[in-house]
Each structure stands twice: as structure tokens, then as C-alpha cells.
K.L.:
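Here it is: the structure, laid out below.
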Amino acid sequence: CMKLKLTLAALLFAVGTAQAVELGINGSRDTANTDRSGFGFTIGQKYDKVGVTAGFDRYKSGVDLDKYSVVGSYDVANIGKSTVAVKVGIAYLDQKGAADGYAGLMGAGISMPITSSLAATVDYRYQAGQSRVSSLDGSTVSAGLKYSF
């Protein structure tokens, strides 16, 4: 499937060029169209203040949805040891039994270190997509953990 190949290519690029890789898990709440809960995983890399993350999220409420994303981030502030970043990216929305399509993403996130390798994350993203997936336009809030090595 093309979307999986693109996501895997982005993941392999991140791993191949990374000095330190970040792996994450998250739970999310998507308020587009209907409230639905999801879960997912991410792999990313930070380059000083700039980061890139590829992700996969799964939603099973209403129409089943798989969301494949690539998101860039830029650190804009530090609050204590926590880092606030603005984010922009693209997602491929794979709806089971309905139209698929692409959506733009923008938002912000905060990363709060727990240990030198483990951090808690909270993200907000707004998603706006092609007309065939515009019923999924809306907000997503996620929380998770990421491990750097």
C-alpha cells in the first residue's frame, strides 16, 4: 500500500540520518465530526531546534481511521525544563469503507523531561483536508511518552 511505503520511507530516512532517535507512544482524542479516541506511535529526530516526526494513529470509533503523518517542529520557548514547539505537517487519512485523502496539520506541543531519556508529551493539532475527507477537519489533542536513544 503506497501510504505505508511513504511512511516507512520517512521512518527509514529519520533513522538513517539520526544521531539520536526518539520513539513514542500516544493516546489521542479527535474532535472532528465525532469525538473519538485513538492510539499511535511515532519515530522522530531532533536537529537542534528543528525536529521531524513520522507517526501512525488508529481510531476505531465510527468509521475506522488510520492516520499516517509527517510533522516538522520548531522549538519556540522553554518553560523550566519543558520545551514548547510549533508544528506543521501533512497526514494521509485512510478511512475504512469511506473516501481516503490528505490533510494539512498545524499546531503546538510541549515536551516535559521525566529522565534524561524519557519525556512526557502533549500536542494539539488542527487538521484541514481535501474535500473528500473534510468531514474529518477539526482538532486533535494527544498525550504520550517518548524515549530518546
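No experiment lies behind these values; they were computed from the predicted model shown.
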K.L.:
Who are the side-chain hydrogen bond (donor to acceptor under 3.5 Å, both in side chains) partners of S117, not counting sequence neighbours?
P.N.:
none
K.L.:
Kindly write out the residues that satisfy side-chain contact (heavy atoms from CB on, under 4.5 Å) with A98, not counting sequence neighbours, or none if the list is empty.
P.N.:
V63, Q95
K.L.:
What pairs of residues pass the salt bridge (Lys or Arg N to Asp or Glu O under 4.0 Å) test when at least one of them lies in residues 118-130, not counting sequence neighbours?
P.N.:
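The answer is K87-D123, D123-R125.
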K.L.:
Applying side-chain hydrogen bond (donor to acceptor under 3.5 Å, both in side chains), name anything that partners S139, two or more places apart in sequence or on another chain.
P.N.:
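Listed in chain order: Y124.
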K.L.:
To the nearest 0.5 Å, how far apart are OG in S28 and OH in Y59?
P.N.:
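The OG atom of S28 sits 3.0 Å away from the OH atom of Y59.
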K.L.:
Answer yes or no: is there a donor N or O on one side and an acceptor on the other, between the side chain of Q127 and the main chain of T140, under 3.5 Å?
P.N.:
no
K.L.:
With sequence neighbours excluded, tell me which residues meet salt bridge (Lys or Arg N to Asp or Glu O under 4.0 Å) with D30.
P.N.:
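Residues passing salt bridge (Lys or Arg N to Asp or Glu O under 4.0 Å) with D30: R36.
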K.L.:
How would you list, by chain and number, every residue that makes a side-chain contact (heavy atoms from CB on, under 4.5 Å) with D64, sequence neighbours excluded?
P.N.:
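If we apply the side-chain contact (heavy atoms from CB on, under 4.5 Å) test to D64, skipping adjacent residues, the hits are R58, K60, K96.
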K.L.:
Considering residues at least two apart in sequence or located in another chain, which fulfil the side-chain contact (heavy atoms from CB on, under 4.5 Å) criterion with M112?
P.N.:
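side-chain contact (heavy atoms from CB on, under 4.5 Å) check on M112 returns S82, I110, A120, V122.
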K.L.:
When Ile, Leu, Val, Met, Phe, Trp and Tyr are grouped by side-chain heavy atoms lying under 4.5 Å apart, directly or through other members, which residues fall in the same group as L105?
P.N.:
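V71, listed by chain and number.
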K.L.:
Suppose we screen for side-chain contact (heavy atoms from CB on, under 4.5 Å). Which residues come up paired with A128, at least two apart in sequence or across chains?
P.N.:
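Counting only residues at least two positions away or on another chain, A128 forms a side-chain contact (heavy atoms from CB on, under 4.5 Å) with Y126, D137.
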K.L.:
Extract all donor-acceptor atom pairs below 3.5 Å that involve side chains of residues 141-149 and protein atoms in other chains or at least two apart in sequence.
P.N.:
residue : atom : partner : partner atom : Å
K146    : NZ   : S111    : OG           : 3.4

K.L.:
Residues in side-chain hydrogen bond (donor to acceptor under 3.5 Å, both in side chains) with D48, at least two apart?
P.N.:
none
K.L.:
With sequence neighbours left out, what residues match T121 under side-chain hydrogen bond (donor to acceptor under 3.5 Å, both in side chains)?
P.N.:
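Result, side-chain hydrogen bond (donor to acceptor under 3.5 Å, both in side chains) vs T121: none returned.
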